[in-house]
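Beneath this line is the structure, given in structure tokens, with notes to follow.
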Amino acid sequence: MATPADRLWTNARLATMAGEGLGAVDRGAVAAAGDTIVYAGPAQDAPDAAEIIDCLGRWITPGLIDCHTHLVHAGNRAREFELRLAGASYEEIARAGGGILSTVEATRAATVEELVASALPRLDQLTGEGVTTVEIKSGYGLTLADEIKMLRAAHLLGWAGRGVMTVRTLLAAHAVPPEYRDDPEGYVDLICQAIIPAARREAHAVDAYCEGIGFTLAQVDRIFAAAREHGLGVRMHAEQLSNMHGAALAARHGALSADHLEHLDAEGVAAMAAAGTVAVLLPGAFYFTRETKLPPVQALRDAGVPIAVASDCNPGTSPMASILLAVNMGATLFRLTVDECLLGVTRNAARALGLGHLIGTIEPGKLCNLAIWDVEAPAELAYRIGANPLHARVFRGI
């Protein structure tokens, strides 16, 4: 006998994201008791429920997951956009004191309340497209107090009445701050000895930007060792502008994900496959910076590396708060299949956050986070540009 339910969504077509492909169920239903799914499958076998919602044949997917964002920040970098249009490279702008450090200055001057207020419109755009979980990185504070401030703002966004789970990532190793320009090892000491210990109750994981304009392999190795010592997972910005072999290092530390990956080589692919590290592709940054080096999608497929897709919403290289546009770009720019794109913002995105046991699929025991769509087929979620066919969003069964 089916488990009794509080709420039942029926007369629906399901893309459960469980099993093979999208896990489609043509005449399906989803039932929840409290905030948890207790049934997902054919409608004729569904349990009774106190409340029944007729979906009128609409498609239901898991609530979407944006697993890589820099949602919390102050200011914008429109002027740098103009400079790039005039021919300046991202690296040239960064080395001249722009880039990440220009956002650092604005973010340090902002209060927690101001950071929350400025991030809410971006969060509303994401939730308006079916997002029920969003990862938010720090990384524009680069002091102990300012990194904690950013993480607390990200936490408060999850309690702002938007019906969304926020997953917080410490990215103190985003750039070397101006006051440590001549002592980068001293800044790494600060991260390892002070910022990570203080952030262990504020963050779920630690990220690092391993790049010529960021941090070296040896520095990231130290940072990840400190993160692991304090019980935090690790993630990495890797191989975006060059092949620093960061993905292989991330995999050696059991990283949840390695993100960007345009310059990833075969060694890095193999290391990620062996470690179960998720490849998070960020087509918004690829598009906005006019990158031409494609990530090695076929090599990732062949090795069985799970592929996720995210918005990378940030003020400098991906000022885009649209998960559906990220899905479209993943298909058009990276030639991902529709199934890969949609799994990339559900099941594989959950895995990239270490939350595959809670979210990302429509299965009994998972949180009842759903997106209900006015589409004839799931392919429409990747096909349309600038359209939002979301009919309703369910967060924790409501």
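Just so we're clear, the structure is a prediction, and the values are computed from it rather than from any experiment. Basis for what follows: all heavy atoms, side chains included, without hydrogens, waters or symmetry-related copies.
Between H237 and H70, the distance from one ring center to the other falls under 6.0 angstrom.
A distance-only check finds a donor-acceptor pair linking the side chain of E129 to the backbone of I323 [under 3.5 Å]. At least one donor-acceptor pair closer than 3.5 Å links the side chain of E239 to the backbone N or O of A247. Between the side chain of E211 and the backbone N or O of M244, no donor-acceptor pair lies under 3.5 Å. R228 places a side-chain N or O within 3.5 Å of a backbone atom of G254 that can act as its donor or acceptor partner. Between the side chain of R181 and the backbone N or O of E179, no donor-acceptor pair lies under 3.5 Å. In terms of modelled atom types and a separation under 3.5 Å, the side chain of D221 and the main chain of Q219 share no donor-acceptor contact. Here the side chain of R393 pairs a donor or acceptor atom with the backbone of G163 at under 3.5 angstrom. A donor-acceptor pair under 3.5 Å links the side-chain atoms of E340 to the main chain of T337, judged by distance alone. At least one donor-acceptor pair closer than 3.5 Å links the side chain of Y187 to the backbone N or O of A172. Side-chain atoms of T10 do not come within 3.5 Å of backbone N or O of V30 as any donor-acceptor pair.
Inter-residue side-chain proximity for C55 and I60 is flagged as met; some heavy-atom pair is nearer than 4.5 Å. The side-chain heavy atoms of Q240 and L261, taken from C-beta on, include no pair separated by under 4.5 Å. Between L156 and V112, the closest side-chain pair of non-hydrogen atoms falls below 4.5 Å. Residues R122 and H73 have side chains in contact (heavy-atom distance under 4.5 Å, counting atoms from C-beta outward). Inter-residue side-chain proximity for T216 and P184 is flagged as unmet; no heavy-atom pair is nearer than 4.5 Å. Taking the side chain as every heavy atom from C-beta outward, T107 and M150 approach each other to under 4.5 Å. Side-chain contact check for M165 versus F395: some heavy-atom pair is nearer than 4.5 Å. In this structure the side chain of L333 reaches within 4.5 angstrom of the side chain of Y287, judged on heavy atoms.
Hydrophobic clustering places F286 together with L324 (ILVMFWY residues linked when any side-chain heavy atoms are closer than 4.5 Å, directly or through intermediates). A single hydrophobic cluster is seen to contain both L342 and M329, as judged by linkage of ILVMFWY side chains at heavy-atom distances under 4.5 Å, directly or through other members. Hydrophobic clustering (ILVMFWY, side-chain heavy atoms < 4.5 Å, transitive): L190 and I196 are in one cluster. Residues L358 and V278 fall into different hydrophobic clusters, defined by Ile, Leu, Val, Met, Phe, Trp and Tyr side chains chained together at heavy-atom separations under 4.5 Å. Each of I37 and L22 belongs to its own hydrophobic cluster when Ile, Leu, Val, Met, Phe, Trp and Tyr are linked at side-chain heavy-atom distances under 4.5 angstrom.
The two atoms that bring A5 and V38 nearest to each other are CB-CG2, 4.1 Å, heavy atoms only. Residues N243 and D265 share a closest heavy-atom pair of ND2-OD2, 2.9 Å. Annotation for A251 and M272: closest pair CB-N, 3.9 Å, computed over non-hydrogen atoms. Across L381 and W373, no two heavy atoms sit closer than the pair CD2-CE3, 3.5 Å. Counting all heavy atoms, side chain and backbone alike, A46 lies closest to A29 at CB-CB, 4.0 Å. Listed here is the closest heavy atom pair of Y140 and V72: CD1-O, 3.7 Å.
Residue-environment remark: CD (E51) exceeds the threshold of 12 foreign heavy atoms within 6.0 Å. Atom CD of E105 sits in a sparse spot, with 12 or fewer heavy atoms from other residues, nucleotides or ligands closer than 6.0 Å.
Within the model, atoms CG of D35 and CG of L367 stand 5.5 Å from one another, a figure rounded to the nearest 0.5 Å. Separation of atoms CZ (R252) and NE2 (H245) is listed at 10.5 Å; rounding is to 0.5 Å. Between the NE2 atom of H174 and the CG atom of L101 there is a distance of 9.5 Å, given to the nearest 0.5 Å. The distance from the CD1 atom of I65 to the CG atom of N369 is 8.0 Å, given to the nearest 0.5 Å. To the nearest 0.5 Å, atoms NZ (K149) and CD (E113) are separated by 10.0 Å. To the nearest 0.5 Å, atom CG of residue L355 and atom SG of residue C67 are 10.5 Å apart.
Residues S322 and Q125 bring no donor and acceptor atom of their side chains to less than 3.5 Å of each other. If you check the side chains of E363 and T361, you find a donor sitting under 3.5 Å from an acceptor.
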Quiz item: Between L256 and L353, is a side chain to side chain contact (heavy atoms under 4.5 Å, CB included) present by the stated rule, with each step listed?
Solution: CA-CA 7 Å; L256 293 166; L353 298 178; 6.0 Å; no
Exercise. For the pair D66 and T69, evaluate side-chain hydrogen bond (donor to acceptor under 3.5 Å, both in side chains) and give the outcome as yes or no after the intermediate values.
Key: CA-CA 7 Å; D66 196 345; T69 85; 5.7 Å; no
Quiz item: Going through the checks in order, is the side chain to side chain contact (heavy atoms under 4.5 Å, CB included) test met by L157 and I136?
Solution: CA-CA 10 Å; L157 286 170; I136 303 174; 3.8 Å; yes
Self-check item: From CA spacing to verdict: side-chain hydrogen bond (donor to acceptor under 3.5 Å, both in side chains), T36, K366
Solution: CA-CA 6 Å; T36 303; K366 299 288 182 76; over 6 Å; no
Practice problem: Please assess M320 against L325 for the test side chain to side chain contact (heavy atoms under 4.5 Å, CB included), listing each intermediate value before the final yes or no. | Solution: CA-CA 8 Å; M320 174 179 81; L325 184 53; 3.5 Å; yes
Quiz prompt | Test salt bridge (charged side-chain N to carboxylate O under 4.0 Å, His left out) applied to E135 and K137, step by step | solution = CA-CA 7 Å; E135 185 261 11; K137 301 179 191 297; 2.7 Å; yes
Exercise. Under the side chain to side chain contact (heavy atoms under 4.5 Å, CB included) rule, what do L14 and W9 come out as? Steps first, then yes or no, please.
Key: CA-CA 10 Å; L14 311 182; W9 294 264; over 6 Å; no
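Under a 4.0 Å N-O distance rule, the pair E202/R200 does not qualify as a salt bridge. A salt bridge is absent between R384 and E376: the closest approach of a Lys/Arg side-chain nitrogen to an acidic carboxylate oxygen does not fall below 4.0 angstrom. Salt bridge status for D207 with R235: absent, with no side-chain N to carboxylate O gap under 4.0 Å. Under 4.0 Å is where a charged nitrogen must lie from a carboxylate oxygen, and between K293 and E262 no such pair does. Using a 4.0 Å cut-off between charged nitrogen and carboxylate oxygen, D189 and R222 count as a salt-bridge pair.
No option in V280, L241, L282 other than L282 meets the side-chain contact (heavy atoms from CB on, under 4.5 Å) test with H260.
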